Amino acid sequence: MELLKKRICETGQVIGDRIIKVDGFLNHQIDIALLNEIGKEFKARFVSSQITKILTIEASGIGIACITAQYFKVPVLFAKKNEASNLDKDVYSSEVYSFTKDKTYNVQVAKKFLAPTDKVLIIDDFLANGNAVQGLLDIVKQSGAQTLGVGIVIEKSFQQGRKKISDENIQLESLAIIKELRQGQIIFG
Ligand code: G4P
């Protein structure tokens with residue numbers, strides 16, 4: 001998606017050789033016009049799928065999923081990372097290790113919001129090591145629902161995420177693929 005790549009080049013900050021900071025439009029301040037284009041692009045790429053629900057994970061996935069859901073006209077469900085007293089006790093859960101934060105989360109989704117008849121599109125901001133997406137795939141499996149696709153805004157293909165997900169034989173679409181971060185430069189795949 002050229003518009004997205006252009007924005008990453010213009011405002012993204014490369015941190016070392018593994019992290020790209022995009023808090024000017026995606027992770028902190030959010031550019032809604034750009035998110036609208038991202039939502040349209042996901043709709044175009046998952047056109048034949050009979051999606052009934054979009055699943056994401058808090059926090060940064062939520063805004064992207066909500067705007068995308070307007071094009072699919074389906075609800076958004078987000079996995080919670082923290083124990084909350086207002087969360088149902090009857091939950092699907094999966095452990096997700098974050099390399100970036102060196103922390104393991106027990107991510108949870110209330111069972112009542114995911115039915116075996118659901119056809120799920122997973123949406124997230126980054127695909128790095130793939131742990132977040134694997135946790136969401138695990139939750140969908142537990143529910144008996146089916147994952148029809150995974151939509152990612154920025155994939156870092158020098159990390160292991162795609163390999164882990166492609167083993168599952170699920171349509172994976174990334175709108176910008178970064179194959180290398182080198183000396184402050186962003187090299188797209
Ligand atoms: P994984 O989910 O693919 O395994 O990736 P990893 O453990 O490395 O990432 C953990 C968190 O860091 C995720 O956010 C992910 O979106 C984010 N992340 C990974 N690589 C980058 C990067 O290059 N730039 C930025 N800006 N973020 C990155 P999270 O913990 O879910 O945080 P949030 O959604 O609450 O912001």
Side-chain angles (χ1 to χ4, degrees), residues 1 4-5 7-32 34-35 38-39 42 54-69 76-84 87 93-109 120-141 147 149-168 170-189:
M1 187 181 167
L4 173 63
K5 289 203 241 176
R7 182 62 72 86
I8 294 169
C9 286
E10 282 169 359
T11 64
Q13 282 173 266
V14 179
I15 316 279
D17 58 0
R18 288 165 65 90
I19 298 289
I20 171 105
K21 210 162 171 241
V22 285
D23 58 357
F25 64 92
L26 196 65
N27 285 141
H28 195 23
Q29 174 171 266
I30 299 176
D31 182 334
I32 299 301
L34 180 62
L35 247 56
I38 286 170
F42 281 135
I54 291 182
L55 177 64
T56 189
I57 182 163
E58 64 179 353
S60 300
I62 297 175
I64 302 159
C66 287
I67 291 206
T68 301
V76 170
L77 181 61
F78 65 91
K80 299 205 180 201
K81 280 181 184 160
N82 300 302
E83 305 284 334
L87 182 66
S93 65
S94 191
E95 292 216 328
V96 172
Y97 174 67
S98 167
F99 283 93
T100 318
K101 294 178 180 155
D102 190 22
K103 188 170 172 180
T104 299
Y105 297 94
N106 184 31
V107 303
Q108 301 188 327
V109 164
V120 177
L121 172 61
I122 292 174
I123 293 282
D124 208 359
D125 56 345
F126 273 93
L127 180 64
N129 294 293
N131 292 329
V133 171
Q134 276 201 313
L136 296 178
L137 286 168
D138 179 35
I139 281 175
V140 175
K141 267 190 200 143
T147 301
V150 176
I152 299 292
V153 179
I154 303 173
E155 174 182 343
K156 294 183 293 178
S157 62
F158 54 87
Q159 291 176 285
Q160 298 305 307
R162 177 171 288 266
K163 191 178 174 306
K164 283 189 197 161
I165 292 160
S166 57
D167 292 347
E168 304 265 349
I170 289 166
Q171 183 185 356
L172 167 62
E173 298 286 343
S174 302
L175 305 189
I177 299 180
I178 295 174
K179 76 171 184 202
E180 199 178 346
L181 296 171
R182 194 198 314 143
Q183 293 167 346
Q185 296 286 105
I186 303 160
I187 300 149
F188 290 103

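In listed order, ligands and their atoms are each counted from 1. Sequence positions, counted from 1, serve as the residue numbers for this chain. Small disclaimer: the values here were computed from a predicted structure and weren't measured.
Protein heavy atom at the shortest distance from atom 17 (C) of ligand 1 is Thr100 OG1, 4.3 Å. Here the heavy atom of the protein found nearest to atom 31 (O) of ligand 1 is Lys81 NZ, 2.8 Å. Residue, atom and distance of the protein heavy atom nearest to atom 36 (O) of ligand 1 are Ser60 OG, 2.9 Å.
Side chains of Lys164 and Asn131: a donor on one and an acceptor on the other come within 3.5 Å.
Only the side chain of Asn27 comes within contact range of ligand 1, with a heavy atom under 4.0 Å; no backbone atom does. Only the side chain of Asp125 comes within 4.0 Å of ligand 1, counting heavy atoms alone; its backbone N, CA, C and O stay farther away.
At a 3.5 angstrom cut-off on N or O pairs, Ala128 counts as close to ligand 1. Between Ile20 and ligand 1, at least one pair of N/O atoms sits closer than 3.5 Å. Close N/O approach between Ala132 and ligand 1 is found [any backbone or side-chain N/O within under 3.5 Å]. At under 3.5 Å, a nitrogen or oxygen of Phe99, whether backbone or side chain, sits near a nitrogen or oxygen of ligand 1. Where the criterion is an N or O separation shorter than 3.5 Å, residue side chain and backbone included, Gly130 meets it with respect to ligand 1. When only interatomic distances are considered, the shortest N/O to N/O separation between Phe126 and ligand 1 does not fall below 3.5 Å. The N/O atoms of Lys156, backbone and side chain alike, include one that comes under 3.5 Å of an N/O atom in ligand 1.
At least one side-chain heavy atom of Ile152 sits under 4.5 Å from a side-chain heavy atom of Val133. Counting heavy atoms from C-beta outward, Gln185 and Val14 have side chains that stay 4.5 Å or more apart. Using a 4.5 Å heavy-atom cutoff, the side chains of Leu137 and Ile170 are in contact. The shortest side-chain heavy-atom distance between Val150 and Leu127 does not fall under the 4.5 Å cut-off. The shortest distance between side-chain heavy atoms of Arg162 and Ile177 falls below 4.5 Å. Between Lys141 and Glu168 the shortest side-chain heavy-atom distance falls below 4.5 Å. Asp124 places none of its side-chain heavy atoms less than 4.5 Å from the side chain of Phe126.
Residue Arg18 approaches ligand 1 through these ligand atoms, each under 4.0 Å from one of its heavy atoms: 23 (O). Close contacts of ligand 1 with Ser98, meaning ligand atoms under 4.0 Å from a residue heavy atom, involve 7 (O), 10 (C), 11 (C). Atoms of ligand 1 found under 4.0 Å from any heavy atom of Asn131, numbered from 1 in the order shown, are 1 (P), 2 (O), 3 (O), 4 (O). Atom numbering of ligand 1 starts at 1 in the shown order; those under 4.0 Å from a heavy atom of Asn129 are 1 (P), 3 (O), 4 (O), 5 (O), 8 (O). Using a 4.0 Å cut-off to heavy atoms of Tyr97, the atoms of ligand 1 that qualify are 7 (O).
Using a non-hydrogen distance threshold of 4.0 Å, Tyr105 does not register as a contact of ligand 1. Contact analysis leaves Gln159 out of contact with ligand 1, as no non-hydrogen atom separation drops below 4.0 angstrom.
Here the straight-line distance linking atom CD1 of Ile38 with atom CZ of Phe25 works out to 7.0 Å at 0.5 Å rounding. Here CG of Asp125 is found 10.0 Å from CD1 of Ile57. Values are rounded to the nearest 0.5 Å. Taken from CD1 in Ile64 to CD1 in Ile54, the straight-line distance is 11.0 Å, to the nearest 0.5 Å.
The residue from Gln13, Lys21, His28, Lys101 that puts a heavy atom closest to atom 30 (O) of ligand 1 is Lys101.
Within 4.0 Å of atom 13 (C) of ligand 1, not a single protein heavy atom is present.
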Practice item. Please step through side-chain contact (heavy atoms from CB on, under 4.5 Å) for the pair Ile186 and Leu181, ending with a clear verdict. Key: CA-CA 5 Å; Ile186 303 160; Leu181 296 171; 4.1 Å; yes
